[in-house]
Amino acid sequence: MKKKYYVEFVGQHGAGKSTTYRYLVDNKLLSDVVSVYPHLLGKRSRLRFFLLLPFIFLTLWRDWVFLIHFAWRYTSVSVWNCREVYLYLIKMLILHKYYQLTYTFDVWYKQDMLHLLPRLRWRSGVSPELAFASFFHHFKSRYNGIVFIDIDWREVEKRYWAKRYLYLSQEERKERLEMYRYAYSQQNYMKEVLLKQDEVPVLVLDGFEDVTVKAKCVADFILNKVLK
């Protein structure tokens with residue numbers, strides 16, 4: 001079977017992750033490479049998905065064991081926010097395997113598990129860097145490349161109030177913003193973990209750069225580091 005490459009986009013809310021990989025794919029910056037992101041793959045076949053689900057669950061049994069151990073050792077699972085993140089992680093694990101089994105492409109892009117991880121609340125005395133390192137070490141075989149988009153908190157806040165979640169009440173938006181503020185405080189721990197390891201290539205981008213510049217950098221990264 002032809003190898004399928006996966007590049008995950010990591011960074012704070014509003015940093016421009018999906019905007020960047022959409023621009024890269026939609027404008028065909030990698031003309032000889034079949035590049036996709038999930039929305040391009042179309043609506044999932046319910047029948048095929050449910051037929052594959054038992055197989056997917058069985059093949060991921062090591063990941064289920066790891067997530068249970070990770071939750072018990074590192075995080076405060078009594079916090080609703082943490083339970084919400086774990087449900088998302090489970091969903092992403094299943095869908096990741098489903099995409100790999102179902103669709104044809106050379107390389108695909110997504111903001112996925114690492115994107116949500118900084119929202120977890122740690123147990124007292126837990127080192128965030130150690131927790132991130134443990135998580136990444138277990139799942140590193142999933143990744144062929146990682147794009148980390150940095151952005152200043154003031155810009156995150158500005159973009160949040162300008163564009164996102166306008167359907168929520170003012171109080172709900174404030175609560176969600178506090179969650180993003182906490183995740184932002186954890187972001188550098190994850191960045192340190194990603195930059196210290198040398199098994200998966202990492203590209204760090206400035207969120208303030210124009211999307212055309214960021215997409216071109218990602219295209220060069222794919223050609224020179226991921227598809228080498």
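For the numbers below, each heavy atom of this structure counts, side chains included, while hydrogens, waters and symmetry mates do not.
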Chemist: Count I, L, V, M, F, W, Y as connected when their side-chain heavy atoms are under 4.5 Å apart, and connections chain through other members. Are Tyr182 and Val193 then in the same cluster?
Modeler: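 Per the 4.5 Å side-chain linkage, Tyr182 and Val193 are co-clustered.
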Chemist: When rounded to the nearest 0.5 angstrom, what distance separates CZ in Arg46 from CG in Leu53?
Modeler: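 Going from the CZ atom of Arg46 to the CG atom of Leu53 covers 13.5 Å.
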Chemist: Is any side-chain N of the basic residue among Asp220 and Lys225 closer than 4.0 Å to the acidic one's carboxylate O?
Modeler: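 Looking at Lys225 together with Asp220, the answer is no, because their closest N to O distance does not fall below 4.0 Å.
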Chemist: Is it true that, when you exclude Asp210 itself, more than 12 heavy atoms of the residues, nucleotides or ligands shown sit nearer than 6.0 Å to its CG?
Modeler: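 Atom CG in Asp210 is packed in, count exceeds 12.
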Chemist: Report the C-alpha separation of Asp106 and Lys3 in whole Å, then their side-chain angles, then the decisive distance to 0.1 Å, and conclude whether the salt bridge (Lys or Arg N to Asp or Glu O under 4.0 Å) test is met.
Modeler: CA-CA 7 Å; Asp106 296 319; Lys3 182 172 181 178; over 6 Å; no
Chemist: Taking the side chain as C-beta and beyond, is there a heavy-atom pair between Lys191 and Val204 under 4.5 Å?
Modeler: yes
Chemist: Mind listing the closest non-hydrogen atom pair of Pro118 and Gln187 along with its distance?
Modeler: CG-OE1, 3.9 Å
Chemist: Over all heavy atoms of both residues, which pair between Leu205 and Cys217 is shortest? Give the atoms and the distance, please.
Modeler: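 Closest heavy-atom pair between Leu205 and Cys217: CD2-CB, 3.7 Å.
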Chemist: Could you give me the CA-CA distance, side-chain angles and deciding distance for Ile56 and Leu60, then say whether side-chain contact (heavy atoms from CB on, under 4.5 Å) is met?
Modeler: CA-CA 6 Å; Ile56 291 172; Leu60 297 176; 3.7 Å; yes
Chemist: Minimum heavy-atom separation for Glu129 and Glu192, please, with both atom names.
Modeler: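 Residues Glu129 and Glu192, closest heavy atoms: OE2-CB, 4.0 Å.
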Chemist: Side chains of Val36 and Tyr103: closer than 4.5 Å at any heavy-atom pair?
Modeler: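 Not touching, per the 4.5 Å side-chain cut-off.
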Chemist: What verdict does the side-chain contact (heavy atoms from CB on, under 4.5 Å) test give for Ile146 and Val7, after you've listed the backbone C-alpha separation in whole Å, the side-chain angles of each residue and the deciding distance to 0.1 Å?
Modeler: CA-CA 5 Å; Ile146 294 173; Val7 177; over 6 Å; no
Chemist: Minimum heavy-atom separation for Lys214 and Asp206, please, with both atom names.
Modeler: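 So the minimum-distance heavy-atom pair works out to CD-O, 3.6 Å.
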Chemist: With a 4.0 Å cut-off, would you call Glu209 and Lys216 a salt bridge?
Modeler: no
Chemist: Determine whether Tyr86 and Glu84 satisfy the following criterion, side chain to side chain donor-acceptor pair (under 3.5 Å), listing intermediate values before the conclusion.
Modeler: CA-CA 6 Å; Tyr86 278 113; Glu84 196 174 40; over 6 Å; no
Chemist: Taking side-chain contact (heavy atoms from CB on, under 4.5 Å) as the criterion, tell me which of Val85, Leu93, Leu87 meets it with Leu89.
Modeler: Val85
Chemist: Roughly how far, to the nearest 0.5 Å, is the OH atom of Tyr6 from the CG atom of Asn144?
Modeler: 10.0 Å
Chemist: Give a yes or no on whether Val147 and Val213 share a hydrophobic cluster (residues Ile, Leu, Val, Met, Phe, Trp, Tyr; joining criterion: side-chain heavy atoms under 4.5 Å apart).
Modeler: no
Chemist: Scan Tyr143, Trp64, Phe66 and name whichever one has a ring-ring contact (aromatic ring centres under 6.0 Å, His included) with His138.
Modeler: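 Option passing the ring-ring contact (aromatic ring centres under 6.0 Å, His included) with His138: Phe66.
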Chemist: With respect to Trp108, which candidate in Tyr37, Phe9, Tyr99 satisfies the ring-ring contact (aromatic ring centres under 6.0 Å, His included) definition?
Modeler: Tyr99
Chemist: Can you tell me how far apart CZ (Arg121) and CD (Gln186) are? Round to the nearest 0.5 Å.
Modeler: 8.0 Å
Chemist: Heavy atoms only: give me the nearest Leu51-Pro54 pair and the separation to one decimal.
Modeler: O-CD, 3.5 Å
Chemist: Any non-hydrogen side-chain atom of Thr104 less than 4.5 Å from a side-chain atom of Val34?
Modeler: no
Chemist: Show the numbers, then the answer: is there a side-chain contact (heavy atoms from CB on, under 4.5 Å) between Val10 and Gln111?
Modeler: CA-CA 6 Å; Val10 183; Gln111 47 181 319; over 6 Å; no
Chemist: Are Gln197 and Val200 close enough that some pair of their side-chain heavy atoms sits under 4.5 Å apart?
Modeler: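 Yes, their side chains come closer than 4.5 Å.
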Chemist: Set out, in order, the CA-CA distance, both residues' side-chain angles and the distance that settles side-chain contact (heavy atoms from CB on, under 4.5 Å) for Phe139 and Leu114, then state yes or no.
Modeler: CA-CA 10 Å; Phe139 288 107; Leu114 295 178; over 6 Å; no
Chemist: Nearest 0.5 Å, what's the CG-OH distance between Leu29 and Tyr23?
Modeler: 6.5 Å
Chemist: Indicate the atoms forming the closest heavy-atom contact of Leu101 with Phe55, along with that distance.
Modeler: CD1-CE2, 3.8 Å
Chemist: Determine, for Phe105 and Lys4, whether the Lys NZ or Arg CZ falls below 6.0 Å from the six-membered ring centre while staying within 45 degrees of the axis.
Modeler: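 Flagged: Lys4 positioned over aromatic ring of Phe105.
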Chemist: From the options Trp153, Tyr184, Tyr180, select the one residue that forms a ring-ring contact (aromatic ring centres under 6.0 Å, His included) with His13.
Modeler: Tyr180
Chemist: Could you measure the distance from the CD atom of Glu8 to the NZ atom of Lys110? Nearest 0.5 Å is fine.
Modeler: 8.0 Å
Chemist: Kindly say whether the aromatic ring centers of Trp122 and Phe132 come within a distance under 6.0 Å.
Modeler: yes
Chemist: Could you measure the distance from the CG atom of Asp112 to the CG atom of Leu117? Nearest 0.5 Å is fine.
Modeler: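 Asp112 atom CG to Leu117 atom CG measures 11.0 Å (nearest 0.5 Å).
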Chemist: Compare all side-chain heavy atoms of Leu194 with those of Met190 and state whether any distance is below 4.5 angstrom.
Modeler: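 Sidechains of Met190 and Leu194: in contact.
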Chemist: Hey, are Tyr21 and Ser35 close enough side-chain-wise for a donor-acceptor pair under 3.5 Å?
Modeler: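 No.
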Chemist: Decide yes or no for Val126 and Leu130: does some side-chain heavy atom of the first lie under 4.5 Å from some side-chain heavy atom of the second?
Modeler: no
Chemist: Kindly confirm or rule out a cation-pi arrangement of Arg123 over Tyr74, judged by NZ or CZ under 6.0 Å from the six-membered ring centre and within 45° of its axis?
Modeler: no
